[in-house]
Asks: 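Sharing a structure below in structure tokens format, with a few things to ask.
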Amino acid sequence: MLILMKQEASKADVEKVKEKVKSLGFSAHEIPGAQRVAIGITGNKGRIDPDLFLSLPGVHDAVPVSKAYKLVSREVKAEDTVIRVKDDDIGGRALTIIAGPCSVESRNQILEVAEMLREVGVRFLRGGAFKPRTSPYSFQGLKLEGLEYLREAADKTGMHIVTEVKDTETLQQVAEYSDILQVGARNMYNFSLLERVGEARRPVLLKRSFSATVEELLMAAEYIASKGNYHIMLCERGIRTFETSTRNTLDLNAVPVLKKLSHLPVIVDPSHGTGAWDLVIPMAQAAIVAGADGLIIEVHPNPDLALSDGFQSLRPDKFRLLIDRLKTLGSFMGRTVPSGVATPISTEN
Ligand code: PEP
Ligand code: MN
């Protein structure tokens with residue numbers, strides 16, 4: 001159920017509604033809007049009687065929410081969610097570009113990539129330290145050492161870190177070092193991890209499982225939101241279909257569908273979505289035209305030597321070309337693309 005407050009409702013009126021929700025044994029989620037505050041109710045098994053709320057001061061309406069996901073739905077919040085990470089917004093007019101290698105491989109590698117990305121204005125640095133590899137014999141990531149190198153590279157360049165949290169055991173460590181927690185495709189159905197990430201005070205990049213429907217992705221996001229963390233980006237990264245000419249099938253339909261069903265920012269990953277570096281630029285462009293709020297792109301200084309996903313990683317020159325193309329496309333779409341050096345390089349070390 002969603003409680004819509006009157007425009008003139010006071011803070012005390014909102015608190016009264018929240019107290020009433022809690023007294024019934026449910027959870028209350030305050031959702032600020034441009035016109036009015038709404039309060040989402042979760043934790044109820046059956047129908048809630050609207051009359052319990054309609055008589056309270058400041059309440060405009062009490063409407064049942066029909067979907068299995070509520071807090072992340074447009075039904076509950078009409079305006080787009082904008083997530084602020086320090087000085088940068090995700091989901092606003094500026095496109096969010098997240099870039100970096102699949103895995104952090106060495107201090108030099110991540111520093112070199114970070115410097116290059118910063119020069120073209122990228123604000124979000126990706127790189128896996130805890131890698132969920134399909135084969136137990138593949139490179140598993142540098143773990144804590146990788147987090148340390150990432151932090152150093154991000155601090156030197158003034159960027160924010162996006163890195164994967166693989167399990168609940170390492171969540172606290174990853175959250176300590178990073179700015180945005182990535183939940184990978186393989187973990188989209190790991191409900192206990194989703195709940196723990198919902199308790200962490202860090203924005204989340206939630207990747208769609210290769211076998212998930214759009215609705216299942218939204219329900220996974222709801223697990224996070226139901227624990228009080230509403231700062232979630234939904235990431236389309238390709239799904240498994242009968243098609244074998246690409247690693248995955250990048251489902252760009254999902255972009256306008258997600259924008260219709262949810263207020264959360266949508267990010268597209270054309271690197272995993274195609275599995276081929278030469279398909280990344282065309283599909284990245286297509287994603288922006290489809291209405292994505294940003295991209296996550298694998299970039300490696302020497303893809304032939306990469307310890308993971310080199311075949312789908314862009315070399316720096318191709319990445320620069322992509323950014324140039326996005327500038328042109330962005331202006332058609334009414335979006336801006338970060339450009340040039342954004343923050344002076346720290347002179348320490
Ligand atoms: C990654 O971003 O490197 C990754 C492992 O992605 P996914 O979970 O989408 O496979
Ligand atoms: Mn990868």
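Counting starts at 1 for both ligands and their atoms, in listed order.
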Asks: Of all N, O or S atoms in Asp309, which has the smallest distance to the Mn ion (ligand 2)?
Replies: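 Asp309's closest N, O or S atom to the Mn ion (ligand 2) is named OD2.
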
Asks: Starting from atom 6 (O) of ligand 1, find the nearest protein heavy-atom neighbour and note its residue, name and distance.
Replies: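 Result: Lys207 NZ, 2.9 Å.
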
Asks: Going by atom types alone, do Ser178 and Thr163 pair a side-chain donor with an acceptor below 3.5 Å?
Replies: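 No pair is found: no donor N or O on one side chain lies under 3.5 Å from an acceptor on the other.
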
Asks: With heavy-atom distances below 4.0 Å as the criterion, list the atoms of ligand 1 near Glu298.
Replies: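 Counting atoms of ligand 1 from 1, those under 4.0 Å from Glu298 are 3 (O).
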
Asks: Specify the protein heavy atom at minimum distance from atom 3 (O) of ligand 1: its residue, its atom name, and the distance to 0.1 Å.
Replies: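 Here the closest protein heavy atom is Arg126 NH2, 2.9 Å.
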
Asks: Run the numbers for me: atoms of ligand 1, each under 4.0 Å from some heavy atom of Cys102, listed by number.
Replies: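 Counting atoms of ligand 1 from 1, those under 4.0 Å from Cys102 are 3 (O).
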
Asks: Would Lys131 count as a polar contact of ligand 1, with the cut-off being nitrogen or oxygen pairs under 3.5 Å?
Replies: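 Right, the criterion is met.
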
Asks: Please calculate the SG(Cys102)-the Mn ion (ligand 2)-OE2(Glu298) angle and round it to 10 degrees.
Replies: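 Value returned, to the nearest 10°, is 90°.
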
Asks: With no hydrogens and no angle check, just 3.5 Å: does a side-chain donor-acceptor pair link His300 and Glu105?
Replies: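 Side-chain D/A pair, His300 to Glu105: present.
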
Asks: Applying the salt bridge (charged side-chain N to carboxylate O under 4.0 Å, His left out) test to Arg208, which of Glu236, Glu215, Glu216 qualifies?
Replies: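 Option passing the salt bridge (charged side-chain N to carboxylate O under 4.0 Å, His left out) with Arg208: Glu236.
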
Asks: Mind checking whether Phe124 and His160 have parallel, tilted or perpendicular rings, split at 30° and 60°?
Replies: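 Taking His160 first and then Phe124, their aromatic rings sit tilted (interplane angle of 30° to 60°).
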
Asks: Can you pull out the closest protein heavy atom to atom 4 (C) of ligand 1? Residue, atom name and distance to 0.1 Å, please.
Replies: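 Atom 4 (C) of ligand 1 sits closest to the protein heavy atom His272 NE2, 3.4 Å.
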
Asks: Would one find an N or O of Ala185, backbone or side chain, under 3.5 Å from an N or O of ligand 1?
Replies: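 Yes, at least one N or O pair falls under 3.5 Å.
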
Asks: Show the atoms of ligand 1 that are less than 4.0 angstrom away from any heavy atom in Gly184.
Replies: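 Those of ligand 1 that fall under 4.0 Å from Gly184 are 8 (O).
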
Asks: Would you say ligand 1 has an N or O under 3.5 Å from any N or O of Arg237?
Replies: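 In this structure, Arg237 places an N or O atom under 3.5 Å from an N or O of ligand 1.
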
Asks: Checking side-chain polar atoms at under 3.5 Å, does Glu145 have a donor or acceptor matched by the opposite partner on Tyr149?
Replies: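 There is such a pair (donor and acceptor under 3.5 Å, judged by atom type) between the side chains of Glu145 and Tyr149.
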
Asks: If you measure from the Lys or Arg side-chain nitrogens to the Asp or Glu carboxylate oxygens, is any gap between Asp309 and Arg133 under 4.0 Å?
Replies: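 Salt bridge flag = no for Arg133 with Asp309.
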
Asks: Checking Arg151 against Tyr177: charged group under 6.0 Å from the ring centre and within 45 degrees of the axis?
Replies: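 Output no; distance or angle outside limits.
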
Asks: Could you check whether Arg126 pairs with Glu298 (Lys NZ or Arg NE/NH1/NH2 to Asp/Glu carboxylate O, under 4.0 Å)?
Replies: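 Looking at Arg126 and Glu298, the cut-off is met.
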
